[in-house]
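Below is one structure; the comments refer to it alone.
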Amino acid sequence: IGDVFENQTTLWDLTKSKSISEEPIEGSTGIFSPDGSTLLIYDSYNARSTPAFWNVADAAEIDTEVQGSYVNFNPENSNTLVIQFYDPNTGLSTFTIWDFNSHTQIGDELSYNYYPTFTSDGKLIIFGTNGVTFWDVDKNKMEDQALQGHSSAITNMLFSRDGRTLASLASDGIVLTSLDKESSTH
């Protein structure tokens with residue numbers, strides 16, 4: 001259970017209806033790895049804490065060198081993460097791809113404004129500013145063509161359940177893009 005104002009999370013054992021962590025954990029948001037073996041807790045509000053990884057089986061923290069304000073698991077491979085670091089002094093964001101098992105960065109650091117997230121098949125990372133850009137995870141490179149459609153900065157991106165439609169949101173509206181075709185509708 002996370003508390004965004006206090007920036008704390010408490011781990012609960014639902015079968016016993018009691019806390020399994022002795023003290024609250026720093027961070028207000030939690031997500032499970034796709035295989036359910038790892039819980040990631042971080043501060044989704046304003047990056048006040050370092051991401052913490054927990055082994056679900058024994059509720060023990062996993063020691064990592066991951067630093068960042070936003071982290072997301074690859075939905076097809078729990079060992080691959082995308083990590084964003086936001087610098088409040090410059091207003092710039094960078095992201096990196098990490099191998100969770102070896103605690104090593106894969107490829108170069110990239111600079112972009114929007115929170116990076118994986119496509120539903122885990123093969124691409126999407127990110128954007130006024131357009132949507134795709135990063136090929138296997139090839140470790142940017143796709144040649146970005147999707148356009150916004151005149152203001154993108155604030156959120158979501159995939160449909162089947163992964164075929166991308167919704168990008170900005171102050172100028174919502175753009176729905178079919179990923180089967182290269183057509184967009186507003």
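Every value quoted in this text rests on a predicted model; they were computed, and no experiment measured them.
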Let me confirm one number: the [atom1]-[atom2] distance from [X] to [Y], rounded to the nearest 0.5 Å.
X	Y	atom1	atom2	answer
L166	S160	CG	OG	8.5 Å
L169	I174	CG	CD1	4.5 Å
E76	D35	CD	CG	11.5 Å
T177	R164	OG1	CZ	15.5 Å
D121	N77	CG	CG	12.5 Å

Taking the side chain as everything from C-beta on, heavy atoms only, tell me whether [X] gets closer than 4.5 Å to [Y].
X	Y	answer
V132	M157	yes
H150	V175	yes
L40	T38	no
I31	F73	yes
F118	T80	yes
V137	L124	no

**Prompt:** At their closest point, which heavy atom of S152 faces which heavy atom of S171, and how far apart are they?
**Reply:**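 Of all heavy-atom pairs spanning S152 and S171, the closest is OG-OG, 3.0 Å.
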**Prompt:** Any idea which heavy atoms bring P34 and N74 closest together, and the distance?
**Reply:**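 Residues P34 and N74, closest heavy atoms: CG-O, 3.1 Å.
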**Asked** Side chains of T165 and S178: donor-acceptor distance under 3.5 Å anywhere?
**Response**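 S178 and T165 do not have a side-chain donor-acceptor pair below 3.5 Å.
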**Item:** D172 and S151: side chain donor to acceptor below 3.5 Å
**Value:**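 D172 vs S151: donor-acceptor pair found between side chains.
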**Prompt:** In chain order, what residues pass the ring-ring contact (aromatic ring centres under 6.0 Å, His included) check against F159, with sequence neighbours excluded?
**Reply:**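 ring-ring contact (aromatic ring centres under 6.0 Å, His included) check on F159 returns nothing, list empty.
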**Request:** Could you please spell out the steps behind the side chain to side chain donor-acceptor pair (under 3.5 Å) verdict for W98 and T96?
**Result:** CA-CA 6 Å; W98 278 78; T96 55; 2.9 Å; yes
